[in-house]
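Read through the structure below, which is laid out as structure tokens, and then see the notes.
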2 protein chains.
Amino acid sequence: MPRKRLTREESREQTRVRLLDAAAVAIAKKGLTATSVEDITGHAGYTRGAFYSNFKSKTDLFIELLKRDHVDVQEGLQQLLDTDLSGKDLQRQLALFYSQCYGDNTSYVLWAEARLHSVRDAKFRQRLNALCLEKRDVIAYFITQFCKRMEMPLPASAADLALAMMGLCDGVKYFNMSMPGELPDNAAESVLSAIFSATFFGSRA
Amino acid sequence: MPRKRLTREESREQTRVRLLDAAAVAIAKKGLTATSVEDITGHAGYTRGAFYSNFKSKTDLFIELLKRDHVDVQEGLQQLLDTDLSGKDLQRQLALFYSQCYGDNTSYVLWAEARLHSVRDAKFRQRLNALCLEKRDVIAYFITQFCKRMEMPLPASAADLALAMMGLCDGVKYFNMSMPGELPDNAAESVLSAIFSATFFGSRA
DNA sequence: GAACTCTAATACACAACTGTATCTGAATTC
DNA sequence: GAATTCAGATACAGTTGTGTATTAGAGTTC
């Protein structure tokens, strides 16, 4: 198996990616604080040297991790907006939206971890808030477009609705993860759907 | 100033309470993992000896802390139910409800911390879920009673609505804490109110 | 291919936390 | 009021982590 010979830049990039991937797993499993730099590097197959030569600090790596995830979600939502808004099936629409935001548990845990960390670290909070507001704006746009196509008025400001939607998704996702027995599999969608159909359609009378 | 002479039991109880109070502050500030036993005891004016003679572990103390907070909230909600359900002002109703659940930031952070911890520790999760389900049931009852008095049908199962409400409150509270500038002061109530008035009143047409 | 450069490994010095084991002094018992 | 008991302080041994300074070995340049 002829292993490709990497340039310095490629090799460095590979290391960074592997460290980020390993960090995602480790942090989701143990939490940001409890995860040591060695946990990350060990998992990735490197030593601490590799880490400090690629990242300033654990926080620094963490924010890059979040950005990477953020970009993925943004692109996914954008795609939904472009291709799928035509379907009038709210339930399906929401299910897609929801799974776009939290396809897997790792992602949820990472963002929950981030929210907590942001309460304590002002600099981090600023950077995180920027990402969150971006996400909010995309969702707000999503909602606006949705209502427009449905020819219905917005029941509140799109930005506020977007925030509420994010909170709601987080909350439902948590219960879904934490009590898989307690809720039926589709509880997430059905609760969301009940609330949103009332919110968006209710005002039509 | 004649300082009261305490019995052994009283003194022990005082120590426990002081440790719990100090732990709430420390954990909210630094996070569960980052808070050392010494942080707690130091803040409370004791040494590690006092801690280990009162609690099995940090987790053990933490769950007691949550229980204490849980009981407070439960009682508060119960009281709301008994005295205040007569008022028909939804906005005011929600504001009270919301401030009952998260009067201060410490409490929010503690529960966020708990949710994350529960993802990782199965035993802890079981104990936490028990508390959450209790809270859910009280809220579900709250919602049921509310709808009954308003003579309107429930737009979804009370239990599911309660979960959604908890998630929504959490989400809004987070944004409220994290971006105090971004949202108007009453955003929490107004978003909640927009969603809920649609949810509960929308179906009446 | 020799000199150079940069990535990542290794070595080091230091700090922090944990849990137990032992000790002390104040409350309790008789 | 002497003996006892228990809450909490102190001492200890071991583990784990951090960040920097140095080194080795690949990629790069000429």
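In this text the structure is predicted, and so the values were computed from the model without any measurement. Every chain is numbered from 1, with letters handed out A, B, ... down the list of sequences.
- Looking only at side-chain heavy atoms (C-beta outward), A/L110 and A/D69 stay at 4.5 Å or farther from each other.
- Two rings, from A/F55 and A/F51, have their centers less than 6.0 Å apart.
- Using a cutoff of 4.0 Å between basic side-chain nitrogens and carboxylate oxygens, B/K29 and B/D39 are not scored as salt-bridged.
- Put simply, CD on A/E13 is 16 Å from C1' on C/dA8, counting in whole angstrom units.
- Salt-bridge check for A/R68 with A/D21: passed, with a basic side-chain N closer than 4.0 Å to an acidic carboxylate O.
- Within 6.0 Å of atom OH in A/Y141, 12 or fewer heavy atoms from other residues, nucleotides or ligands are found, so the atom counts as exposed in its surroundings.
- Residues of residues 24-41 of chain B that place a heavy atom closer than 4.0 Å to DNA chain D do not occur.
- Each of B/G49 and B/E9 was matched to the nucleotide of DNA chain C holding its nearest heavy atom; the match closer to the 5' end belongs to B/G49.
- Listed nucleotides D/dC12, C/dA9, D/dA7 differ in distance to B/S11; the shortest reach to its side chain belongs to D/dA7.
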Would you please test A/E113 and B/R120 for salt bridge (charged side-chain N to carboxylate O under 4.0 Å, His left out) and show each step?
CA-CA 12 Å; A/E113 201 75 54; B/R120 288 158 193 144; 2.6 Å; yes

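- Residue A/N54 places none of its side-chain N or O atoms closer than 4.0 Å to OP1 or OP2 of C/dT7.
- Minimum atom distance to the side chain of B/K58 is reached by C/dT18, of the listed C/dT18, C/dA8, D/dA7.
- Judged by the 6.0 Å and 45° rule, A/K135 forms a cation-pi pair with A/W111.
- As a whole-Å value, the separation of A/K56 NZ from D/dT20 C1' is 17 Å.
- When side chains are defined from C-beta on, B/N105 counts as touching B/K173, because their heavy atoms get closer than 4.5 Å.
- Using a 4.0 Å heavy-atom distance criterion, B/Y52 is classed as a base contact.
- A/D60 places its CG atom 12 Å from the P atom of D/dG19, with the value rounded to the nearest Å.
- Close to C/dA8, at under 4.0 Å from its OP1 or OP2, lies a side-chain N or O of A/T15.
- A straight line from CZ of B/F51 to P of C/dC17 spans 14 Å, rounded to a whole angstrom.
- Across D/dT20, C/dA9, C/dG19, the shortest atom-to-atom separation from the side chain of A/Y46 is found for C/dA9.
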Look for any protein N or O under 3.5 Å of an N or O in nucleotides 1-5 of chain D and output each such pair with its distance, or none.
| from | atom 1 | to | atom 2 | distance (Å) |
| --- | --- | --- | --- | --- |
| D/dT5 | O2 | B/R8 | NH2 | 2.5 |

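- Residues A/R127 and A/K123 have side chains not in contact (no heavy-atom distance under 4.5 Å, counting atoms from C-beta outward).
- If you check distances only, the side chain of B/R48 never reaches the base of D/dG8 with a donor-acceptor pair under 3.5 Å.
- With distances taken from any side-chain atom of B/T47 to the nucleotides C/dT18, D/dA9, D/dG8, the minimum falls on D/dA9.
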